[in-house]
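Just so it is clear, the structure is predicted and the values come from calculations on it, not from any experiment.
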Amino acid sequence: PPISQVLGRKPRVHKPLRVEADMDRYSQLKTLADTVKACTADPVISAHVLPRKFPAASGTIRYPTVAKRGVDNPLYRTNASNYGAEVPLDHQLPDRYF
């Protein structure tokens, strides 16, 4: 017999029914869904979960001033203080995380 007849005799499994809800009635749930969608980044093929957007931007990061004595003395300046003196730029911060 041809394949169409064989497949025609095969019992078919119907998809389960899904509930369609009008989201206009549930404003808080819609707001929550919108905030979750806004926090997720574009999907990555190699990941099994959706990545989240990194919450901090480079323009919003500010380091506190150091209140120690002798901070401005070049004899006691370390590489860590040189590195921390600069605010991170956009390309130095991650744009998403898992």
Side-chain angles (χ1 to χ4, degrees):
I3 190 72
S4 59
Q5 288 179 355
V6 173
L7 291 176
R9 289 186 212 146
K10 182 179 173 185
R12 294 192 178 145
V13 178
H14 297 288
K15 289 184 180 179
L17 296 176
R18 294 182 184 237
V19 177
E20 294 290 329
D22 184 21
M23 294 304 284
D24 294 335
R25 292 178 49 198
Y26 310 104
S27 61
Q28 290 179 342
L29 188 60
K30 186 176 185 319
T31 306
L32 178 66
D34 290 342
T35 54
V36 168
K37 188 175 183 180
C39 290
T40 56
D42 295 332
V44 178
I45 294 173
S46 61
H48 67 287
V49 293
L50 283 176
R52 294 186 159 270
K53 291 181 184 174
F54 197 70
S58 65
T60 60
I61 295 177
R62 298 283 179 254
Y63 295 129
T65 57
V66 180
K68 293 181 181 178
R69 245 180 35 177
V71 171
D72 53 349
N73 191 337
L75 292 175
Y76 299 109
R77 193 150 180 94
T78 62
N79 284 336
S81 61
N82 288 339
Y83 182 74
E86 300 175 2
V87 177
L89 301 175
D90 278 334
H91 71 278
Q92 294 170 328
L93 290 176
D95 55 347
R96 63 181 176 234
Y97 67 98
F98 294 92

*Do you know which two heavy atoms are closest between P55 and Y97, and how far apart they sit?*
CD-CE2, 4.0 Å

*Spacing of CZ belonging to R9 relative to OG belonging to S4, to within rounding of 0.5 Å*: 9.5 Å

_Give me the atom names and distance for the closest heavy-atom approach of T40 to K53._
O-CE, 3.5 Å

*asked:* Taking atom CG as the centre, does L75 end up with more than 12 heavy-atom neighbours from other residues, nucleotides or ligands that are less than 6.0 angstrom away?
replied: yes

*Does a sphere of radius 6.0 Å around CZ in F54 hold more than 12 heavy atoms from other residues, nucleotides or ligands, not counting ones at 6.0 Å or beyond?*
yes

*Looking at residues at least two apart in the chain, or sitting in another chain, which of them share a side chain to side chain contact (heavy atoms under 4.5 Å, CB included) with A47?*
V44, F98

*Roughly how far apart are S58 OG and D90 CG, rounded to 0.5 Å?*
3.5 Å

_What's the separation between atom CG in D22 and atom NZ in K30, rounded to the nearest 0.5 Å?_
10.5 Å

_Smallest separation among heavy atoms of R62 and V87, with atom names_ = NH1-CG1, 4.3 Å

*Provide the closest heavy-atom pair for Q92 versus L89 in the form atom of the first, atom of the second, distance.*
OE1-N, 2.8 Å

*So, for P88 and I61, which heavy atoms are closest and what is the spacing to 0.1 Å?*
CG-CD1, 3.9 Å

_For the student: nearest non-hydrogen atoms of L50 and P43, plus distance_ = CD2-CB, 3.6 Å

*Are V66 and Y83 linked, directly or through other ILVMFWY residues, by side chains that come within less than 4.5 angstrom of each other?*
no

_More than 12 heavy atoms from other groups under 6.0 Å of CD on E86_ = no

